[in-house]
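Data first, discussion second: the structure below is written as structure tokens.
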Amino acid sequence: METIYDHIEIEDFIFDPILQIFQYPCPCGDRFQISLDDLKDGEDVAICPSCSLMVQVVFEEEDLQQYVDQLS
Amino acid sequence: MNYYLLRCGSNGKYQLGLGDDEDKDHLVEEKLNWEPSKIACGGNHTLVLSTDGYIYGCGDNSKGQCGIDDVPVVPNLTAVPKVGGSDWTDVAAGWQFSLLLNENRELWVCGEGFSGELGLGKKMYQTKLTKIPGIWDIDQIETSIHSVMIKLKGGQLYGWGNNRKGLLNLDSDRIIWEPQLIDEQVKQVSLARSFSVVVKEGSLSVKGKTDIQCKLDPKEISFLSTMWSSLHFIEKNKLHSMGNNSHGQIFYDGLSVENIEQISLGSEHGLILYANHSVSAWGWGEHGNCGQKPIENKDRPTDEQVTYSLNEIYNGSRPVKFIQGGCATSWIVVSDVS
Ligand SMILES: [Zn+2]
């Protein structure tokens, strides 16, 4: 079983409204990523493309609306 | 006397300064014609201060974080311009920004940050080398990914950048856009990713987002430092750790420190320099920053395969001047045998 490296609140992520992804620094130098769609589907584990570390995104469903509003 | 820079670890943006972007699981050596005195590691960039007042940068420079103009990456260590010809005297690095101090006690900043870490005022997100107003009589610069704390020689503590959950020891806004006085009569500080530790005469306080609670007598503490998510200190000649232990970061609780010359902590790994000049690493070593270990399935290794307990990365064949842990990188400065 893989350990979750850390728990990070959604407001600590940087949201890219064009790519519709959330990013947060990984200790390897790359960034943890998760898409808005994944969060809407109830997925909450952000992964790093360059290493095996994962973080759990801490959020409530109603937190997502403000990011949806940034899209248009 | 000749000096050599040995390094290994994460290298996706040329942050090891070796002219390529392949991770290294063994130390790679470079002979220098100058003497390093400090190494500062950002997310994907590195700055090395020399005893003769130069700073050499390498790695990701897409936001200007190496202090060198108009190149997206700096593949090999390259001198940062001396502003007005003044010697650089100190250096620090955060996620994508750097702080450089010169002999006139001017503090210069370069790079990018959206949380006020540049210290230049509201909505200043990116800059070439720019002076932060004031004269800075600095004793210690501490940086984490998006925050800065500076302790002056007079004991005053200043901070700016991300203050989420009060990690800068300030109750005010989440983002501190310009240097703000936090405290006075401060002895020592350490800044982790989401919390800070401030040591004063008779008190030690941990602020920010963390589970760490400790009641320590500062008089008994001879060393205190942080990884991104853990605290490590020497109390009565024993090394103790507290905080995140997802990948063996807490391995050395209660280790006796008799033969230890220096401890340096990276993002999620630590380095120990012993009196016999050998260097060992512990913690999270997925990028080779804790040396070699066979990983069968590199695409999705298990936690065990990327966790190191005490792995010797340097055998002490030459005298070590100092060591430095970075963002999944490890650095050792050695000299010729005298
Ligand atoms: Zn990573």
Side-chain angles (χ1 to χ4, degrees), chain A residues 1-36 38-39 41-72, chain B residues 9-13 15 23 41-46 59-60 94-96 113-115 144-146 162 164-165 174 193-194 209 211 227-230 243-249 266-269 283-287 289 295 297-307 325-329:
Chain A
M1 210 201 81
E2 299 293 317
T3 315
I4 293 289
Y5 155 67
D6 212 345
H7 300 78
I8 307 292
E9 275 91 358
I10 193 167
E11 52 261 57
D12 286 327
F13 282 75
I14 288 181
F15 180 59
D16 182 333
I18 294 161
L19 298 173
Q20 301 189 25
I21 55 168
F22 293 82
Q23 296 187 311
Y24 185 79
C26 174
C28 79
D30 208 334
R31 291 177 173 87
F32 297 108
Q33 299 182 358
I34 189 164
S35 71
L36 180 57
D38 283 345
L39 292 174
D41 290 344
E43 181 65 55
D44 65 352
V45 175
I47 61 168
C48 172
S50 297
C51 71
S52 68
L53 296 188
M54 296 178 280
V55 293
Q56 188 164 16
V57 187
V58 179
F59 71 106
E60 303 287 338
E61 216 179 315
E62 57 260 36
D63 296 337
L64 299 180
Q65 190 55 44
Q66 59 176 298
Y67 301 103
V68 174
D69 292 344
Q70 289 178 32
L71 296 179
S72 46
Chain B
S10 185
N11 196 28
K13 297 269 174 67
Q15 56 265 51
D23 288 359
C41 300
N44 293 283
H45 70 292
T46 309
D60 185 11
W95 182 246
Q96 288 188 308
F114 299 101
S115 308
S144 71
I145 55 173
H146 300 307
N162 188 338
R164 188 113 158 86
K165 304 217 164 136
R174 260 191 65 184
R193 192 194 57 202
S194 313
K209 183 197 156 193
D211 299 332
M227 294 184 193
W228 275 18
S229 57
S230 55
N244 188 358
N245 194 29
S246 65
H247 292 81
Q249 297 97 318
S267 53
E268 294 296 348
H269 75 295
W284 180 62
E286 184 165 350
H287 289 269
N289 46 305
I295 295 179
N297 177 5
K298 286 212 176 195
D299 292 337
R300 274 280 146 211
T302 63
D303 288 332
E304 193 183 41
Q305 286 167 330
V306 297
T307 296
C327 268
T329 62

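Naming convention: chains lettered A, B, ... in sequence-line order (proteins, then strands); numbering from 1 in each chain. Quantities reported herein were computed from a predicted structural model and do not represent experimental measurements.
- Using a 4.5 Å heavy-atom cutoff, the side chains of A:Ser52 and B:Glu286 are in contact.
- Contact between A:Cys51 and B:His287 at its shortest, heavy atoms only, is CB-NE2, 3.5 Å.
- Proximity of A:Pro27 to B:His269: side-chain heavy atoms (C-beta onward) are nowhere separated by under 4.5 Å.
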* side chain to side chain contact (heavy atoms under 4.5 Å, CB included) between A:Leu53 and B:Trp284: does it pass, once the steps are laid out? -> CA-CA 10 Å; A:Leu53 296 188; B:Trp284 180 62; 3.5 Å; yes
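- Using a 4.5 Å cut-off between heavy atoms, B:Glu304 does not touch chain A at all.
- Remark: A:Asp69 CG is packed, more than 12 non-hydrogen atoms of other residues, nucleotides or ligands lying under 6.0 Å away.
- A:Tyr24 approaches B:Ser194 most closely through the heavy-atom pair OH-OG, 4.4 Å.
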Give every donor-acceptor pair under 3.5 Å between a side-chain atom in residues 7-19 of chain A and any protein atom, sequence neighbours left out.
residue: A:His7; atom: NE2; partner: A:Gln56; partner atom: OE1; Å: 3.1
residue: A:Glu9; atom: OE1; partner: B:Lys209; partner atom: NZ; Å: 3.4
residue: A:Glu9; atom: OE2; partner: B:Lys165; partner atom: NZ; Å: 2.9
residue: A:Asp12; atom: OD1; partner: B:Arg164; partner atom: NE; Å: 2.4
residue: A:Asp12; atom: OD2; partner: B:Arg164; partner atom: NE; Å: 3.0
residue: A:Asp16; atom: OD1; partner: A:Ile18; partner atom: N; Å: 2.9
residue: A:Asp16; atom: OD1; partner: A:Leu19; partner atom: N; Å: 3.1

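- Atoms CG and SG, from B:Asn44 and A:Cys28 in turn, are 7.5 Å apart once rounded to the nearest 0.5 Å.
- At most 12 non-hydrogen atoms from other residues, nucleotides or ligands lie less than 6.0 angstrom from CD of A:Glu61.
- Shortest non-hydrogen contact noted between B:Ser246 and A:Tyr5 is OG-CD1, 3.5 Å.
- Contact count against chain A (heavy-atom pairs under 4.5 Å) is highest for B:Arg193 among B:Glu268, B:Arg174, B:Arg193.
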